[in-house]
2 protein chains.
Amino acid sequence: MKHLQIEELCAQRGIKLTEQRKTILRVVCEANDHPHVEEIYKRANLKDSKISLATTYRTINLLTEFGLIDRLQLGDGKARYESINDETSNHYHLVNVQTGEIIEFNDAELEELKQRIAKRLGYKLVDYRMELYGVPMEK
Amino acid sequence: MKHLQIEELCAQRGIKLTEQRKTILRVVCEANDHPHVEEIYKRANLKDSKISLATTYRTINLLTEFGLIDRLQLGDGKARYESINDETSNHYHLVNVQTGEIIEFNDAELEELKQRIAKRLGYKLVDYRMELYGVPMEK
DNA sequence: ATAGATGCAAACATTTTGCGCCGAG
DNA sequence: CTCGGCGCAAAATGTTTGCATCTAT
């Protein structure tokens, strides 16, 4: 989603829009990889050298809590982030374990199946984590 | 899987079986929750007060690398562990976000689907992480 | 006998927090 | 003007590591 749209959502929720927050939000929205906080901090500093790491963490946490950006835990110990997607965009990840590359994908069947499984177990799904780790098939 | 079976596998792989390692392995195999390292360390110390936290970490990492126990990252910052399962047992997790309870489940359809998705993307699946987070449905 | 495992404490990496100053609403 | 965000440095948390000693094979 575009950063301006998300700024709009921030305003609606009463989140004070400081320069730092706008810059950090922009960095996350412009990223098409899945940067971790240190990386977001670096990129934010290229735009505004006065942003601290602490503020980066605080902003990222704030935006995550409000559901305005998504946190990924890909098992390397650092949380990675991406801007929230529109309904139609890719929401699952496959990690190429040889290169670390993250491939996004969609799957309607999976979408439906996870709901069905949760229901079968007597739960309403509030979140999920589903990542595949693979090596490229030769040829 | 029983700890004696896993000890057998350790021997086959040339892993030196010290008292500490046997104790830690036993703790993981006897657990039916999914303890994190600090908890494994505590339980191991009840059996043998001379096991250090460092050794607990080293052993857990060793066993994980050899595929003799499984690491779960449930997003709370600490890795959790479980002993490896036999082919037929449950291998997916649903977390009750209200209580932290972990429900294990199986799903043949999911099993097949994840393989199919990886293949479609041109990858051979080497690992996966799939967790559901939910709240109990009322009634 | 000896390669490798242990315990301890210090180091690390990531993330959080206390505090006095500053800026958006 | 005021509440809350900011930067800084310190702390907290989870995990790893260097080193001298000990132990399973």
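Just so you know, these numbers come straight off a predicted model, no measurement behind them. Throughout, a chain's letter reflects where its sequence line sits, starting with A, and its residues are numbered from 1.
- Cluster membership for Val27(B) and Ile15(B), using ILVMFWY side-chain heavy atoms within less than 4.5 angstrom, is shared.
- Going from atom CD1 of Ile24(A) over to atom P of dC6(D) covers 7 Å, rounded to whole Å.
- Note: CD1 (Ile51(B)) to C1' (dC8(C)) measures 15 Å, nearest angstrom.
- The pair Glu30(A)-Arg43(A) does not meet the salt-bridge criterion, since no charged nitrogen lies less than 4.0 angstrom from a carboxylate oxygen.
- What separates CD1 of Ile60(B) from C1' of dT16(D) is a distance of 15 Å, to the nearest Å.
- Comparing Arg21(A) and Leu53(B), the nucleotide of DNA chain D nearest to each residue sits closer to the 5' end for Arg21(A).
- Of all the residues in residues 35-49 of chain B, not one reaches under 4.0 Å from DNA chain D with any non-hydrogen atom.
- Defined by atom type and a distance below 3.5 Å, a donor-acceptor pair is present between the side-chain atoms of His34(A) and Glu104(A).
- Protein atom CD of Gln73(A) is 11 Å distant from nucleotide atom C1' of dT15(C), rounded to whole Å.
- One interatomic measurement links the two molecules: NZ of Lys22(A) to C1' of dG25(C), which rounds to 12 Å at whole-angstrom precision.
- Closest heavy-atom contact between Met130(A) and Lys114(A): CE-CB, 3.6 Å.
- A sub-4.0 Å separation between OP1 or OP2 of dT15(C) and a side-chain N or O of Asn61(A) is absent.
- Just one residue in the list Val28(A), Leu25(A), Asp70(A) forms a side chain to side chain contact (heavy atoms under 4.5 Å, CB included) with Leu63(A), and that residue is Leu25(A).
- Separation of the Tyr92(B) and Tyr128(B) ring centroids falls under the 6.0 Å cut-off.
- In this structure, Tyr57(A) reaches the dT15(C) phosphate: one of its side-chain N or O atoms is under 4.0 Å from OP1 or OP2.
- Taking every heavy atom of both residues into account, Thr64(B) and Ile69(B) meet most closely at OG1-CG1, 3.5 Å.
- Of all heavy-atom pairs spanning Tyr133(B) and Leu74(B), the tightest one is OH-O, 3.3 Å.
- Side chains of His93(A) and Glu82(A): a donor on one and an acceptor on the other come within 3.5 Å.
- Distance, Leu25(B) CG to dA5(C) P: 15 Å, rounded to whole Å.
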Which protein N or O atoms sit under 3.5 Å from an N or O of nucleotides 19-25 of chain D?
{"unit_1": "dT25(D)", "atom_1": "OP1", "unit_2": "Leu17(B)", "atom_2": "N", "d": "3.4"}

